[in-house]
K.L.:
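Questions regarding the structure given below will be posed in turn.
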Amino acid sequence: MNDIIERIDAAVADAVRQAAAATSSADLEAVRVAYLGRNGLFPALSRGMGEVPPEQRRTAGQRFNTGRAEIQEALDAAGRRIAAGADAAGAIDLTLPGRRLPAGHKHPISRVADECVAIFGRMGFVAVEGPEIEDIYHNFDALNTPADHPSRDPQDTFYFPDGRILRSQTSPVQIRVMESHEPPIRIVAPGRVFRRDTPDATHGMNFHQIEGLSIDRGVSMADLKSVLQTFAREMFGEKVRIRLRPHFFPFTEPSVEYDFSCVVCGGKGCGVCKHSGYIEIAGAGMVDPAVLANVGYDPRVWSGYAFGLGIERLAMLRYRIPDLRLLYENDVRFLEQF
């Protein structure tokens, strides 16, 4: 009996050693076949159990079973080790080709807003921000807007129960800057604004503006036109022209609306510009002396101009977007084009 138990012990020791040294699944399979396979060493030892005296077979059989279990346990442990090593090696295998991850990008509104800030920044304007929830004074009173002006009506402006509002323009930022800074001032105020409106292809209840303000000595309408012309060419190309048309705004005097020559047809006339050759952009003008007085500036010393631009409108022109609502529907098929 001692002879067969010694043979079992030796076989177990060799199998465990070979399993520990294995570096691949193929190596492990070779160890399994050699010791536990149909024609392996342990089945051969099992056939030799008949030569063991009957009174000793119980002890020999127990050792046979425990030895086979030890080998199987060693094989399983080695298999887990090899699998874990393969996973770790795969994670840092520098020979594998790189995996290109999808990269995000800016929303078209953000792209246009950033470009506007950059263009005006090259002309010396500093970007500033202000609160989206405003009070009546900064949104209307300080801007010389009469108490009976239609824009104050709850049908046009979002009011809170405490009397505050969602700002209907970024002009309040100009008032806040003038209240806290001495002239000269040269700023642009980009941001979100809110108005009660029925959403359609060209209107929305919330949209984005960028408004500009320049206060200094001897500022004239010619300076305003020069800034608008420079912006138009920077945004849409050297061939774009502008024109100013008389208008009225409570906070500027004189006031104008300004147009860019159609960026689609080059000013020749098409359906986009209604065959006029020009596209209406926004309003501008010289800051009303009453507004300067409201913030403590002496209108006899200081003058300035202000202008506004709708960022969504610029984005629609820049990227030929036919419907404003496409910018807010979060349709990946649309946004992936930018």
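Fair warning: this is a prediction, and the values are worked out from it, not measured in the lab.
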K.L.:
Short question: side chain of His107, backbone of Tyr328 - any donor-acceptor pair under 3.5 Å?
P.N.:
no

K.L.:
Using a 3.5 Å distance criterion without hydrogens, assess whether the side chain of Asn294 forms a donor-acceptor pair with backbone atoms of Ala142.
P.N.:
yes

K.L.:
Hey, does the side chain of Thr230 reach the backbone of Ser226 with a donor-acceptor pair shorter than 3.5 angstrom?
P.N.:
yes

K.L.:
Give a yes or no answer on whether the side chain of Arg152 reaches the backbone of Thr145 with a donor-acceptor pair at less than 3.5 Å.
P.N.:
yes

K.L.:
Strictly distance-based, threshold 3.5 Å: is any side-chain N or O of Ser303 a donor or acceptor partner for the main-chain N or O of Val219?
P.N.:
yes

K.L.:
Looking at side-chain heavy atoms only, is the closest gap between Pro190 and Thr170 below 4.5 Å?
P.N.:
no

K.L.:
Are the side chains of Pro246 and Ser255 in contact, using a 4.5 Å heavy-atom criterion?
P.N.:
no

K.L.:
Could you check whether atom CE of Met205 has more than 12 heavy atoms from other residues, nucleotides or ligands sitting under 6.0 Å from it?
P.N.:
no

K.L.:
Give the cluster check for Val173 versus Phe140: same hydrophobic cluster or not, with ILVMFWY residues linked at side-chain heavy-atom distances below 4.5 Å.
P.N.:
no

K.L.:
After noting the C-alpha distance and the side-chain angles of Glu336 and Val332, does the key distance pass the side chain to side chain contact (heavy atoms under 4.5 Å, CB included) rule?
P.N.:
CA-CA 6 Å; Glu336 283 180 341; Val332 175; 3.3 Å; yes

K.L.:
Is the shortest heavy-atom distance from the side chain of Val227 to the side chain of Phe125 under 4.5 Å?
P.N.:
yes

K.L.:
Which pair of non-hydrogen atoms, one from Glu132 and one from Arg192, has the smallest distance, and what is that distance?
P.N.:
OE2-CB, 3.6 Å

K.L.:
What orientation do Tyr258 and Phe260 show, parallel under 30°, tilted 30 to 60°, or perpendicular over 60°?
P.N.:
tilted

K.L.:
Looking at His181, I want to see if its NE2 is surrounded by more than 12 non-hydrogen atoms of other residues, nucleotides or ligands under 6.0 Å.
P.N.:
no

K.L.:
Report the residue from Ile215, Val301, Asn144, Asp298 that forms a side-chain contact (heavy atoms from CB on, under 4.5 Å) with Leu292.
P.N.:
Ile215

K.L.:
For residues 274-284, which side-chain N or O atoms pair as donor and acceptor with protein atoms under 3.5 Å away, sequence neighbours left out?
P.N.:
{"residue": "Ser276", "atom": "OG", "partner": "Cys273", "partner atom": "O", "Å": "2.7"}
{"residue": "Ser276", "atom": "OG", "partner": "Tyr278", "partner atom": "N", "Å": "3.2"}
{"residue": "Ser276", "atom": "OG", "partner": "Tyr278", "partner atom": "O", "Å": "2.9"}

K.L.:
Do other residues, nucleotides or ligands put more than 12 heavy atoms under 6.0 Å from the CZ atom of Arg320?
P.N.:
yes

K.L.:
Within the side chain of Ser24, is there an N or O that forms a donor-acceptor pair under 3.5 Å with the backbone of Asp27?
P.N.:
yes

K.L.:
Can you sort out the partners of Asp200 under salt bridge (Lys or Arg N to Asp or Glu O under 4.0 Å), two or more places apart, ordered by chain and number?
P.N.:
none

K.L.:
Run the ring pair (Phe, Tyr, Trp, His ring centres under 6.0 Å) check on Phe120 and Phe307 step by step: do they pass?
P.N.:
CA-CA 12 Å; Phe120 286 120; Phe307 59 85; 5.2 Å; yes

K.L.:
Can you confirm whether Phe207 sits close enough to Arg195 that some side-chain heavy atom of one is under 4.5 Å from a side-chain heavy atom of the other?
P.N.:
yes

K.L.:
Can you find a heavy atom in the side chain of Val177 that is under 4.5 Å from one in the side chain of Leu213?
P.N.:
no

K.L.:
Using a cut-off of 6.0 Å, state whether more than 12 heavy atoms not belonging to Gln155 lie near its atom CD.
P.N.:
no

K.L.:
Quick check: is Ile210 connected to Leu327 through a chain of hydrophobic side chains (ILVMFWY, heavy atoms under 4.5 Å apart)?
P.N.:
yes

K.L.:
Are any side-chain N or O atoms of Arg80 and backbone N or O atoms of Leu75, one a donor and one an acceptor, separated by less than 3.5 Å?
P.N.:
no

K.L.:
Under 3.5 Å, is there a donor-acceptor pair between the Glu211 and Gln169 side chains?
P.N.:
no

K.L.:
Give a yes-or-no answer on whether the side chains of Asp14 and Gln18 include a donor-acceptor pair shorter than 3.5 Å.
P.N.:
no

K.L.:
If we ignore hydrogens and angles and just use 3.5 Å, is the side chain of Thr157 paired with the main-chain N or O of Ser151 as donor and acceptor?
P.N.:
yes

K.L.:
Any side-chain heavy atom of Phe194 within less than 4.5 Å of one from Ser168?
P.N.:
no

K.L.:
Inspect the surroundings of CD in Glu129 and state if more than 12 heavy atoms from other residues, nucleotides or ligands are less than 6.0 Å away.
P.N.:
no

K.L.:
A side-chain contact here means heavy atoms from C-beta on lying under 4.5 Å apart; do Met178 and Tyr297 qualify?
P.N.:
yes

K.L.:
Give the intermediate values and the outcome of side chain to side chain contact (heavy atoms under 4.5 Å, CB included) for residues Asp114 and Lys106.
P.N.:
CA-CA 10 Å; Asp114 291 347; Lys106 289 184 178 180; 2.5 Å; yes

K.L.:
How about Glu73: does its CD atom have over 12 heavy atoms from other parts shown lying under 6.0 Å from it?
P.N.:
no

K.L.:
Are any side-chain N or O atoms of Glu253 and backbone N or O atoms of Ala290, one a donor and one an acceptor, separated by less than 3.5 Å?
P.N.:
no

K.L.:
Under a 4.5 Å cut-off applied to non-hydrogen side-chain atoms, are Arg68 and Tyr35 in contact?
P.N.:
no

K.L.:
Keeping the roles fixed (side chain from Glu312, backbone from His208), state whether a donor-acceptor pair exists under 3.5 Å.
P.N.:
yes

K.L.:
Quick one: which of Arg167, Arg164, Arg176 gives a salt bridge (Lys or Arg N to Asp or Glu O under 4.0 Å) with Glu134?
P.N.:
Arg176

